[in-house]
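The residues of the chain are indexed from 1 along the displayed sequence.
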Amino acid sequence: MSPVRPGSGWRYLFRGVMAGDGHRAPGTSLRAAQDEAGVPPGVWKGGGLAAVGLAAGDVVTERQAELLLGEGRHPDADRIERELLDAGHDPAAARRAAVLGRPIEHNRSPETEKAKERIPWLAFDLVFRPPSTAHIAWALMDDETRRVLEECQDTARDKTLAWLEESVAQIRWGSGGKHRKPVRDGLIVTVFRHYESRAGQPLLHDHAVVSIRARRPDDGTWGNLSADSLLANIVAADTLYTLHFMEEVSARLGWAWEPREVTSGRRPVMEIAGIDQRLIGWQSTRRQQIEDALPVLTARYEERQGHPPGERATYQLACQAADQTRPPKRTEPLSLNGLRARWRTSAIAAFGACTVYRLAQRARAAAAAVWARVKPAVDIALAAVDTVAVVYVMRGAFARRHLLAEARRHLAHALRGRPHPPGLDEQIVQTVVDDYTRPVGRGRAMTADLRALYPHDIGEQAVLRPLTRNRSAPPYERARLAAGALATRVRAVRRAERLNSRAGPGAVVVPAASPGSRPRPFRTGRKTGRLLEPETGVDVDSVEQTRRTLEAAAARLRDGIRERAAVHGPRPQTAPAPVAGTPPHTEQPGTQHTPGRTTGGIA
């Protein structure tokens, strides 16, 4: 997501995004530039189109986009002004009647006190891009598969935009935007489809340009969307789009998905099973260019700052490397058929015809293996503890939207493309909020309730808490370790209650089961902030597995402390001497704990 502002942002939108990211020459019409770039014309989307006399699927004309996205006026402002002038109205009043909300000229005037209001936002550019293997299948397979994948892209994008309209989009008004309510009709969106990257490789993606203008729910007057609401939920929207795209591909083509680790210790991405991994490197030439330029920028950063870059600094350096290595767009016009022929020739020359022409066959064979291995069910109790553990270790304090994004990632990994019942992600999040969290601070932030997760095991709490601190291991690696420890405990309690022979109370079979029941895996009474222990004995094998997991966590922490001491020297303060008989990294029952905050976040 990136904002569209007057000036350079507005020019890039009209000269680049709307014309296929090409170099649109001055004086060239929008339709001619789109034909030259080989991209289809933009179309209107969103529930707010009826308020301006448009319909979903209508072609976006250059004048309509200029009036709405460039000036914040009605898309048919020319006709409205002409009719009012013919009726004898004042020209200024006629122009004001065609403006949606506050005129942009007001923000540019010197009377505006706040500097940030002098550069208003005109729209938001949301980019919807499928996983890498989807680009490969779309570019190299037959025309029927290409059309199906484009339909999957349309469906996943429209469902995500609908969720943003219904659950996220808010309109603000008043001093500092203190009044906020859901929009009345919906969003006004223009969608432009692109086919390739700047390096000329296949990259199916859509630019959904959302107008900042929307109507208030009470009186129907026009105002501006809340930018921070959309920015805060952009990761949750991204995970929802990926989840819907996976489900559409699996339902229409019968393919399955599997995780692929791009960077060691970082969060994996979901890819189509059976697609040759070498083709990902062939398609991701821009990534290789960025990786080649990144070590030079990292060395300069270490020389200037005196320490290696953290997670946020690494991301900023990667953005800087992308800007420095950005190649110009191609200048010769090529249709989509011409691009696909060129891509197929390039892939055959690099990896052979057998690799290219057997992509669909290998994807179907791999899908059969995945479906045979992965059960079509979601355990809500295990999904809840997995979600809270990952978010807690990576963030410390978090909001509901962070849990929602991680719950959707869990569904994508657990189902591998099978459809999930509507509302299952919200049900997982509500289970986390009700059973495993506690409020922190004065706002709506929350954190994991370790007393509920570990009612009596103080030693296990002591191992889980240091995982939130910035150690040598990547945050996601520590998060998965914590999630594994919690999942082991859930399974141990279930074995103790002899539930392993039948479906657990929180298991949801996909897609037949209904997500109507709320799971309460360990609780027999009202919520007291503490889980109730089972009366039966705990299985010895499960306890032993939990002990090995926690010992591995302690070993990782000790290695991180030794590496830190070797590089930076010992800390100035000395740690208290351990009590006799207490294992390393074990805190006493009366010690107060404060959850740590990592520099990393959900990306």
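- Exactly one residue among Val391, Val429, Ile428 makes a side-chain contact (heavy atoms from CB on, under 4.5 Å) with Glu406. That residue is Val391.
- In terms of modelled atom types and a separation under 3.5 Å, the side chain of Thr145 and the main chain of Met141 share no donor-acceptor contact.
- Although no hydrogens or angles enter the test, the distance criterion places no donor-acceptor pair under 3.5 Å between the side chain of His207 and the main chain of Val127.
- Among residues at least two apart or in separate chains, salt bridge (charged side-chain N to carboxylate O under 4.0 Å, His left out) pairs with a member in residues 215-225 are Asp185-Arg215.
- Remark: side-chain polar atoms of Asp35 are not paired, donor with acceptor, to backbone N or O of Ala32 under 3.5 angstrom.
- Using a cut-off of 4.0 Å between Lys/Arg side-chain N and Asp/Glu carboxylate O, Asp78 and Arg82 are scored as not salt-bridged.
- Partner of Val189 under the side-chain contact (heavy atoms from CB on, under 4.5 Å) criterion, out of Leu49, Val210, Asp158, Val209: Val210 alone.
- For the pair Leu68 and Ile188, the minimum side-chain heavy-atom distance is below 4.5 Å.
- In this structure, Arg213 fails the cation-pi test against Trp121, since its NZ or CZ atom is not both closer than 6.0 Å to the six-membered ring centre and inside 45 degrees of the ring normal.
- Shortest non-hydrogen contact noted between Val388 and Leu403 is CA-CD2, 4.5 Å.
- More than 12 heavy atoms of other shown residues, nucleotides or ligands fall within 6.0 angstrom of atom CZ in Arg146.
- We find that Arg95 and Asp90 are not joined by a salt bridge, their nearest charged nitrogen and carboxylate oxygen being 4.0 Å or further apart.
- Side-chain atoms of His135 never come within 3.5 Å of backbone atoms of Ser132 as a donor-acceptor pair (strictly under, hydrogens ignored).
- Remark: the Gln170 side chain and the Ser226 side chain contain no N/O donor-acceptor pair separated by less than 3.5 Å.
- A pairwise comparison of heavy atoms in Ala214 and Gly186 identifies CB-O, 4.4 Å as the closest pair.
- Judged by distance alone, with hydrogens and angles left aside, the side-chain atoms of Ser250 form a donor-acceptor pair with the main-chain N or O of Trp255 at under 3.5 Å.
- A distance-only check finds a donor-acceptor pair linking the side chain of Glu165 to the backbone of Gly47 [under 3.5 Å].
- Interatomic distance, Leu54 CG to Gln64 CD, rounded to the nearest 0.5 Å: 5.5 Å.
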Derivation of the side chain to side chain donor-acceptor pair (under 3.5 Å) call for Gln153 and Arg129: CA-CA 8 Å; Gln153 169 78 349; Arg129 188 180 71 177; over 6 Å; no
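- Annotation: the span from Arg418 atom CZ to Leu411 atom CG amounts to 13.0 Å, rounded to 0.5 Å.
- In this structure, CZ in Phe245 is found 14.0 Å from CG in Leu240, a value given to the nearest 0.5 Å.
- Listed for the Glu271 side chain is no donor-acceptor partner under 3.5 Å among the backbone atoms of Pro259.
- Judged purely by distance below 3.5 Å, without hydrogens or angles, the side chains of Gln34 and Arg193 never pair a donor atom with an acceptor atom.
- The structure places NE2 of His205 at 9.0 Å from CD of Glu196, a figure rounded to the nearest 0.5 Å.
- Residues Lys159 and Glu248 are paired through a salt bridge, judged by an N-O separation under 4.0 Å between the basic side chain and the carboxylate.
- At least one donor-acceptor pair closer than 3.5 Å links the side chain of Thr239 to the backbone N or O of Ala236.
- Residues Arg63 and Glu66 are paired through a salt bridge, judged by an N-O separation under 4.0 Å between the basic side chain and the carboxylate.
- Of the possible donor and acceptor atoms, one in the side chain of Asp142 sits under 3.5 Å from a partner among the backbone N and O of Glu144.
- Ring pair Trp138/Tyr195: centre-to-centre distance below 6.0 Å.
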